[in-house]
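This report concerns only the one structure given below.
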Amino acid sequence: MDANTEIIVLNVGILWLLISTILVFLMQGGFLALEVGLSEKKNVVNVAVKNLTDAGLSILLYWAIGFGLMYGATESGIIGTDNFLPDIGQGGGDLAIAFIFQAVFASTAVTILSGAVAGRMKFSSYLWVVVLISGFIYPIYGHWVWNGGWLAERGFIDFAGSTVVHSVGGWVALAALIIIGARKGRFNEDGSVNDMPASDLPLAMFGVVILWFGWFGFNGGSQLAWFTVTDQGTLEASSAVPGIVANTLIGGAAGLVVALFLGWLVSGYPTAGAIGNGTLAGLVAVTANCQAIDASSAVIIGGIGGAIAIGVEQLLLRLKIDDVVGAIPVHLAAGIWGTLAFGIFAQEQYLAADGGRGGQIMVQLLGIGAAAVWTFGVTFVALWLLNKVAPLRVSEEEEEMGLNAEHGLLPVGTTATAPSAAAPVGAMD
Amino acid sequence: MDANTEIIVLNVGILWLLISTILVFLMQGGFLALEVGLSEKKNVVNVAVKNLTDAGLSILLYWAIGFGLMYGATESGIIGTDNFLPDIGQGGGDLAIAFIFQAVFASTAVTILSGAVAGRMKFSSYLWVVVLISGFIYPIYGHWVWNGGWLAERGFIDFAGSTVVHSVGGWVALAALIIIGARKGRFNEDGSVNDMPASDLPLAMFGVVILWFGWFGFNGGSQLAWFTVTDQGTLEASSAVPGIVANTLIGGAAGLVVALFLGWLVSGYPTAGAIGNGTLAGLVAVTANCQAIDASSAVIIGGIGGAIAIGVEQLLLRLKIDDVVGAIPVHLAAGIWGTLAFGIFAQEQYLAADGGRGGQIMVQLLGIGAAAVWTFGVTFVALWLLNKVAPLRVSEEEEEMGLNAEHGLLPVGTTATAPSAAAPVGAMD
Amino acid sequence: MDANTEIIVLNVGILWLLISTILVFLMQGGFLALEVGLSEKKNVVNVAVKNLTDAGLSILLYWAIGFGLMYGATESGIIGTDNFLPDIGQGGGDLAIAFIFQAVFASTAVTILSGAVAGRMKFSSYLWVVVLISGFIYPIYGHWVWNGGWLAERGFIDFAGSTVVHSVGGWVALAALIIIGARKGRFNEDGSVNDMPASDLPLAMFGVVILWFGWFGFNGGSQLAWFTVTDQGTLEASSAVPGIVANTLIGGAAGLVVALFLGWLVSGYPTAGAIGNGTLAGLVAVTANCQAIDASSAVIIGGIGGAIAIGVEQLLLRLKIDDVVGAIPVHLAAGIWGTLAFGIFAQEQYLAADGGRGGQIMVQLLGIGAAAVWTFGVTFVALWLLNKVAPLRVSEEEEEMGLNAEHGLLPVGTTATAPSAAAPVGAMD
């Protein structure tokens with residue numbers, strides 16, 4: 001290739017990365033719609049405000065600290081040490097694209113928590129957890145896998161983040177759920193479960209479509225290029241990205257269909273929750289491996305992902321863990337499965353660990369375990385301590401009233417009759 | 001062009017096709033919002049679940065069967081015979097992009113039905129119709145037009161699918177509507193019509209914006225390339241796609257404005273329904289011809305499309321055909337018009353049939369007629385038979401209660417007070 | 001560069017411009033969701049219909065007249081004089097992309113008004129204002145700045161339209177708000193303010209995400225190219241666009257975070273309104289300068305934008321100006337700030353006026369002042385006259401009942417029991 005061809009090849013890749021970044025960004029809207037739709041009406045404003053706020057806060061924090069910890073020069077494969085407050089902006093297109101693409105991934109990992117703890121976690125506490133994840137937990141685990149850290153060195157592969165993004169978000173959610181406990185009235189002493197009505201299931205389904213849409217960038221962008229250049233410096237005839245997107249399309253579809261019928265069997269109904277979370281679990285499941293499998297494998301991996309979502313949801317109910325939106329079944333459980341599935345299904349040439357397929361599977365388990373220990377461990381300790389200083393949970397009265405009141409809204413069903421100084425705060429019909 | 005330039009030209013085209021694919025995929029969300037917004041509140045979950053489910057199911061079916069029937073090697077111009085369960089996924093970018101682009105088109109054709117039959121078609125029956133369309137009816141008609149089949153050989157042109165996608169979806173909807181009948185209480189014996197309140201008109205308008213957004217990929221992607229390479233193998237100075245997108249923008253706008261004022265005249269109000277369906281009808285109308293017309297023609301074709309939507313909506317009410325979202329006026333009627341309009345408005349160099357413009361118009365009518373006979377015919381017979389075996393329509397009580405109950409939700413206005421084992425099913429506030 | 005490389009470089013730029021156009025188009029959906037969410041329930045259909053209608057109408061008008069006035073050959077730097085009803089469509093990719101990119105910008109400027117005047121402006125009057133803005137006011141100011149007009153000649157820089165789009169839209173809104181007055185019951189004689197409940201704050205937050213998403217195209221597309229070609233005709237190694245998008249991401253985030261905490265201080269709550277409008281104000285603020293600043297400046301400019309939104313919102317309440325969605329704080333005030341901020345923060349090489357940074361700041365103030373005089377002036381006079389002929393405001397009864405009734409809907413809480421001929425008009429649950 002001549003110099004101009006090289007520039008074109010590189011920058012068409014950056015164009016695709018930018019498009020992917022923009023698609024991944026919209027997943028914030030998908031999570032917002034999904035989580036609002038699945039929450040009780042008295043909590044929807046709180047859920048929406050948490051979603052939008054965590055986007056803004058995590059982007060600033062990732063710029064200030066996270067990006068450097070994750071992509072700075074490594075210290076012993078453990079932590080990045082430079083590139084804090086990077087001077088991107090005008091000029092320096094390569095640094096800029098690297099930052100924004102990674103920043104929207106960090107925001108995605110962060111926002112997974114918000115729906116799980118809907119209905120009882122204080123807004124101010126939530127902000128602290130956002131700081132913890134985007135400024136510390138996520139970037140460090142990410143460094144291990146995606147910036148040549150100790151897991152990468154052992155050949156751990158997580159293409160677009162079944163573990164790095166989804167399981168990490170899921171582990172954080174699990175730690176928070178255990179410390180904060182179930183919504184009041186969710187579980188009865190006899191083990192039965194009370195229904196807490198979702199505010200708007202069609203909105204949740206719409207959120208699933210938006211997430212799926214964004215996922216094409218999430219997975220497709222993780223190729224980090226549009227063209228494939230061989231080791232000899234020649235151009236491959238066609239881009240590898242469409243195949244990745246095809247697996248993403250098919251994996252989500254398979255998760256949907258399997259969860260639809262399995263959920264129908266379990267609950268007696270073809271429920272909105274089953275198809276929604278089945279789709280997402282299928283997508284999470286192919287995220288680690290979509291660059292390395294063919295379409296039939298995507299059907300199997302996505303389908304098993306959908307089945308896992310249904311199974312783990314039932315398990316959580318038995319364990320009396322109250323995950324409002326299904327973040328654990330979808331992001332944690334299917335994320336573990338997808339990461340493992342790389343070892344099982346990836347075509348030979350994609351294996352990176354010593355010891356062939358068996359060795360790869362062991363390394364995948366190591367990476368999964370490391371995420372568990374690091375993410376769940378640090379979050380659990382940090383939240384346990386934080387909870388001592390400033391309780392994470394709202395008071396019983398506030399929970400009863402609904403968390404919309406945290407944002408200046410009147411509880412549903414009441415009306416202010418007197419003129420109010422709180423006008424700019426707003427209210428809802 | 002040298003080899004690298006050829007690779008770049010081809011793959012920038014694939015990049016545009018991928019972006020278009022992703023845009024078209026989002027139309028699922030647009031249809032979901034539109035149809036939920038126009039349906040009665042007691043049916044919205046059913047409508048949303050049908051929309052998401054048909055996306056997943058149709059993608060798997062199109063992968064297993066449909067793609068091969070449509071794009072496999074032809075048998076006598078009638079049917080494709082290979083490429084079933086194609087081994088896309090990693091590698092093979094060309095096959096992957098061909099599959100995903102076509103798969104999202106198939107899903108679009110399928111989902112048109114869901115809104116028309118809202119409020120009375122059983123979920124399980126709906127699944128059978130999805131199988132029928134995405135695995136059989138759509139791919140075969142598509143083969144005739146887009147894979148060099150017998151209609152293509154005669155010079156039938158339907159650029160992005162006014163007929164292949166929209167009319168096909170519309171004919172399926174019409175057959176279903178005739179067999180299944182109107183919602184209970186919709187029509188009175190004296191010919192007057194009872195209003196069935198839409199649940200959320202702003203959501204429907206939002207859905208129209210999403211659909212318009214996706215349509216830029218639907219029409220623009222149908223160019224199947226970004227650059228134009230001449231017969232001599234040289235590159236044209238500029239891409240033809242922006243002109244196609246411009247016509248799509250203008251055609252939708254013209255449909256909106258004409259339907260706004262015509263609807264205002266007819267009903268006395270500038271209604272949400274008129275501008276929404278007017279926009280969509282304008283878009284459907286330019287879909288067959290947007291590569292071959294200038295902007296003034298787009299104004300005329302789109303504007304007439306908007307007028308047709310208003311007129312056919314009135315006609316259906318007279319015929320007591322109860323099309324909840326206006327699928328027939330928008331997709332069937334404007335689709336026929338747009339296909340015919342190619343013959344009337346296309347610039348000379350785009351005509352493909354023998355016999356000049358007159359010949360082209362005749363061939364366009366042949367293609368329209370073939371869609372009617374094949375799609376309406378097969379669907380009508382199949383649904384009529386299916387209806388004998390397993391009634392397509394829910395019981396009167398179920399219809400009264402609302403189809404949300406099919407998905408485990410309590411009827412609006414009732415509450416479960418006792419703890420319920422159905423917790424994972426969910427409910428709505 | 002050889003001829004093919006030149007074609008590729010140019011047309012990859014057009015591809016990015018097309019993607020940007022499509023993203024900006026979706027901002028119509030973002031504004032719809034935002035404004036519907038912040039409006040009272042009895043007005044939401046009216047707000048949604050206005051949003052969709054202004055998109056269609058403004059596109060046709062901009063095609064017929066506006067594009068020519070703005071981008072036609074100049075008469076003395078004041079007004080464009082040709083290119084009316086341009087023959088875009090098939091062929092002529094360059095003209096087509098120029099038109100559609102500019103048309104969606106024009107639509108954005110127009111739609112800013114609709115939310116501000118929610119709840120009392122007649123639909124028919126609104127249509128006249130749309131004609132005025134998209135066919136006259138916006139294109140002429142745009143000509144001065146973006147087509148080499150008299151402000152451009154003096155070195156006025158407004159990269160993506162903090163003033164050209166946002167302040168212009170804001171000035172129009174301010175003129176309309178002054179003439180039309182506050183919603184009935186909004187302000188009390190003692191200066192206190194009555195809360196008018198927002199219909200759906202989560203929807204408004206979702207709208208903010210959609211707008212942010214579209215803004216990446218709004219700002220990134222304004223580079224008008226993907227590759228940078230030096231004066232010597234050589235290709236720069238990397239695109240400048242990712243840096244622009246990074247500043248857009250960071251500017252919005254900074255606006256969000258500052259407005260969150262400042263609003264919390266002012267009102268006692270972390271409100272949905274504060275984070276939503278803070279984000280948008282941050283985005284508006286970096287719009288004029290995102291090509292010329294580094295990331296730290298984006299934090300400062302966006303953050304100050306967020307603070308301004310909170311401050312101006314309070315100011316408007318004191319002045320008893322009833323801006324339902326915050327169009328003045330967000331689009332006008334932050335737009336002025338961002339335009340000025342170019343003079344203060346832009347890196348040296350981007351300054352274009354005589355007299356260094358001081359001279360640039362003076363020219364920026366001149367451009368801001370010209371927008372005020374032209375846009376506010378013409379709109380005020382035109383609406384004042386129009387108001388004499390055909391009152392802009394609905395009657396007191398209509399306002400009380402809600403503007404949804406303008407579109408054939410029954411007032412909230414009433415039901416038609418008798419069969420109605422108005423069936424096609426629709427109603428809402």
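Here the structure is a predicted model, which means the values were calculated and not measured. Numbered from 1 within each chain, the chains take letters A, B, ... in sequence-line order.
The line from CG of C:Leu249 to CD1 of A:Ile59 is 4.0 Å long, rounded to the nearest 0.5 Å. Note: C:Leu260 CG to A:Leu127 CG = 6.5 Å, rounded to the nearest 0.5 Å. Note that CG of A:Leu32 and CE of C:Met205 are 8.5 Å apart. Values are rounded to the nearest 0.5 Å. How far CD1 of A:Ile8 is from CG of C:Asn4: 9.5 Å, rounded to the nearest 0.5 Å.
For the pair C:Pro242 and A:Ile100, the tightest heavy-atom approach, listed with the atom from each and the gap, is O-CD1, 4.1 Å. Nearest heavy-atom pair, C:Ala295 versus A:Trp63, reported as atom, atom and distance to 0.1 Å: CB-NE1, 3.6 Å. Summarising the geometry of A:Ile7 relative to C:Ala237, their closest heavy-atom pair is CG2-O, 3.9 Å, with the distance given to 0.1 Å. The nearest pair of heavy atoms linking C:Tyr269 to A:Ala405 is CE2-O, 3.7 Å.
Using a 4.5 Å cut-off between heavy atoms, A:Glu406 contacts chain C through its backbone alone, with no side-chain atom that close. Looking at A:Ala3, there are no atoms closer than 4.5 Å to chain C (heavy atoms on both sides), in backbone or side chain. Heavy atoms of A:Leu10 lying under 4.5 Å from chain C belong exclusively to its side chain. Looking at C:Leu38, neither its backbone nor its side chain comes within 4.5 Å of chain A, counting heavy atoms on both sides. Neither the backbone nor the side chain of C:Leu203 comes within contact range of chain A, judged by heavy atoms closer than 4.5 Å. Both the backbone and the side chain of C:Leu235 come within contact range of chain A, with heavy atoms under 4.5 Å apart. With a 4.5 angstrom heavy-atom cutoff, A:Phe206 touches chain C only via side-chain atoms. With a 4.5 Å cut-off on non-hydrogen atoms, C:Phe261 touches chain A through its side chain but not through its backbone. In this structure, the portion of C:Phe227 lying under 4.5 Å from any heavy atom of chain A is its side chain and not its backbone.
Without hydrogens or angle criteria, A:Asn11 side chain to C:Ser239 main chain gives a donor-acceptor distance under 3.5 Å. A donor-acceptor distance shorter than 3.5 angstrom exists from the side chain of A:His407 to the backbone of C:Pro270, with no hydrogens or angles considered.
Looking at C:Phe213, C:Phe216, C:Trp212 one by one, the single match for side-chain contact (heavy atoms from CB on, under 4.5 Å) with A:Leu26 turns out to be C:Phe213.
Using a 30° and 60° split on the angle between ring planes, C:Trp264 and A:Phe123 fall in the tilted class, from 30° to 60°.
The candidate from C:Ile19, C:Val208, C:Ile210, C:Ile250 with the greatest count of non-hydrogen atom pairs under 4.5 Å with chain A is C:Ile250. Across A:Leu17, A:Val36, A:Leu23, A:Leu60, the residue that shares the most heavy-atom pairs under 4.5 angstrom with chain C is A:Leu60. Comparing A:Phe25, A:Phe99, A:Phe101 by heavy-atom pairs within less than 4.5 Å of chain C, the highest count is held by A:Phe25.
A 4.5 Å side-chain heavy-atom check between A:Leu409 and C:Leu201 finds at least one atom pair inside the cut-off.
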